[in-house]
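Written below as structure tokens is the structure these notes are about.
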Amino acid sequence: MSSRLVQCGIVVAVLAGMGAPSALAQKTTGQASGGATAPEKPKVKAIACPTGKTTCRRGELLVVAGRGMEFATTVVFEGRKGRRDDRSARPTAAVGEMLTVEVPSSARSGRIKVVTRGIGASRSRTALRVKAKARVAPPAPDPTITGPSTFPIQGTWEILDTYVTKFGGGRGHQGQDVFAKCGTPLVAPTAAKVTHVKYHSAAGHYIVMKNADGHSYAMMHMLKKSPLSVGDELQPGTPVGQVGETGRASGCHLHFELWTAPGWYEGGEPIDPLPQLRAWAAAAGK
Ligand SMILES: [Zn+2]
């Protein structure tokens, strides 16, 4: 396999560089943890905008990493001194030691306070810089993928549209990372045929499948070897494995690649799978 393969470890590297060594880097047991745990007092360790830096546009998703983030009830964008320009928002999602929150349309530059009701609050050490909203239309999904389909993760998941988790060919990141607990079932998104079931030091346990149009889907860092074999015919929703963090990955996530015909390392090109993932998510009502 090519050395152009995935570099998911950079997610951790960037957050670690921001002073959040435990965010995402924290090892899990490799099993879905299941039951609820008691809320922890929040401790904000790092914030990151989609660029990976601390300047966000209004309406963008801010990632806040630190202890107890999954229990946060409110995120306050404190703006300038005093409460007059404080803007509160609810987290849009939380996975482990990380939450995402949309930067409110009237938020101003300032520190971020994460509040867990009845438990406590914690402020970011760094201030967030807030810029005006961008006016860009979301890219359209690849129109050539048709027919019945489903999102490739069955369970709770979170797409982080950040510099380190999104597609970036120039950085060697050929897919989109989607975070979910280790053990969450992975399924075929459309009808497809299995072309590879392998292990690689960077990709971990992975599976590649091809649909009737010649597009390939690659799913990496799986918990263990897929029970499927090359040549198996899959329907949308056929189980293919489980979310894991094998290979060069820290934090349980699916690394998902979408390749044009004639397919994965067979002459096709990796393309940004995010619009397609969003389309599948929207079709599933998320
Ligand atoms: Zn990745």
Side-chain angles (χ1 to χ4, degrees), residues 1-18 20 23-28 30 48-52 61 63 65 93 95-98 100 139 142 151-153 155-187 189 196-209 215-224 226 240-260 264-265 268-278 280-281:
M1 181 190 297
S2 164
S3 61
R4 288 162 65 210
L5 206 71
V6 299
Q7 302 283 340
C8 294
I10 54 176
V11 174
V12 178
V14 166
L15 283 173
M18 294 166 55
L24 292 183
Q26 191 178 58
K27 287 285 173 197
T28 67
C49 297
T51 53
L61 278 186
V63 178
V95 177
E97 297 210 325
M98 208 166 48
T100 54
D142 186 328
F151 196 81
I153 299 178
T156 306
W157 47 266
E158 172 68 3
I159 291 175
L160 297 177
D161 188 5
T162 71
Y163 177 74
V164 290
T165 55
K166 68 187 179 187
F167 179 83
R171 297 181 289 114
H173 196 234
Q174 300 188 151
Q176 170 73 46
D177 295 337
V178 186
F179 290 82
K181 279 187 173 162
C182 276
T184 308
L186 296 170
V187 299
H196 303 74
V197 178
K198 286 190 173 169
Y199 182 86
H200 180 275
S201 58
H205 287 293
Y206 69 94
I207 185 167
V208 185
M209 61 205 85
H215 284 79
S216 289
Y217 316 124
M219 296 157 99
M220 300 179 177
H221 309 311
M222 297 198 313
L223 190 60
K224 52 192 176 195
S226 171
V240 303
Q242 292 164 289
V243 173
E245 55 176 340
T246 54
R248 201 180 303 145
S250 296
C252 306
H253 71 277
L254 167 67
H255 170 95
F256 185 85
E257 294 185 7
L258 175 58
W259 286 59
T260 58
W264 192 76
Y265 293 111
E269 288 282 336
I271 57 174
D272 183 2
L274 186 55
Q276 186 63 61
L277 287 168
R278 293 233 191 267
W280 285 331

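The figures here come from the full heavy-atom set of this structure, side chains too, leaving out hydrogens, waters and symmetry mates. Along the sequence shown, residues carry numbers from 1. Each ligand, and each atom within it, is numbered from 1 in the order the structure gives.
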Problem - All side chain to side chain contact (heavy atoms under 4.5 Å, CB included) counterparts of Q242, not counting sequence neighbours - result: L223, K224
Practice task
On the 0 to 90° scale, with breaks at 30° and 60°, tag the F179-H253 ring pair as parallel, tilted or perpendicular.
Solution key: tilted
Handout entry: Atom nearest to the Zn ion (ligand 1) - D177, N, O or S atoms considered
Key = OD1
Exercise for the section: Return yes when at least one N/O/S atom of H221 is nearer than 2.8 Å to the Zn ion (ligand 1), and no when none is. Expected result: no
Practice task
Output all residues satisfying side chain to side chain contact (heavy atoms under 4.5 Å, CB included) with T51, sequence neighbours left out; order by chain, then residue number.
Solution key: C49, K53
Practice task
Could you tell me whether the Zn ion (ligand 1) has an N, O or S atom of H253 under 2.8 Å away?
Solution key: no
Practice task
Classify the ring geometry between W259 and Y265 as parallel (under 30°), tilted (30 to 60°) or perpendicular (over 60°).
Solution key: tilted
Fill in the blank from the handout: Row for the Zn ion (ligand 1): angle ND1 (H255) to NE2 (H173), 10° precision, value 100°
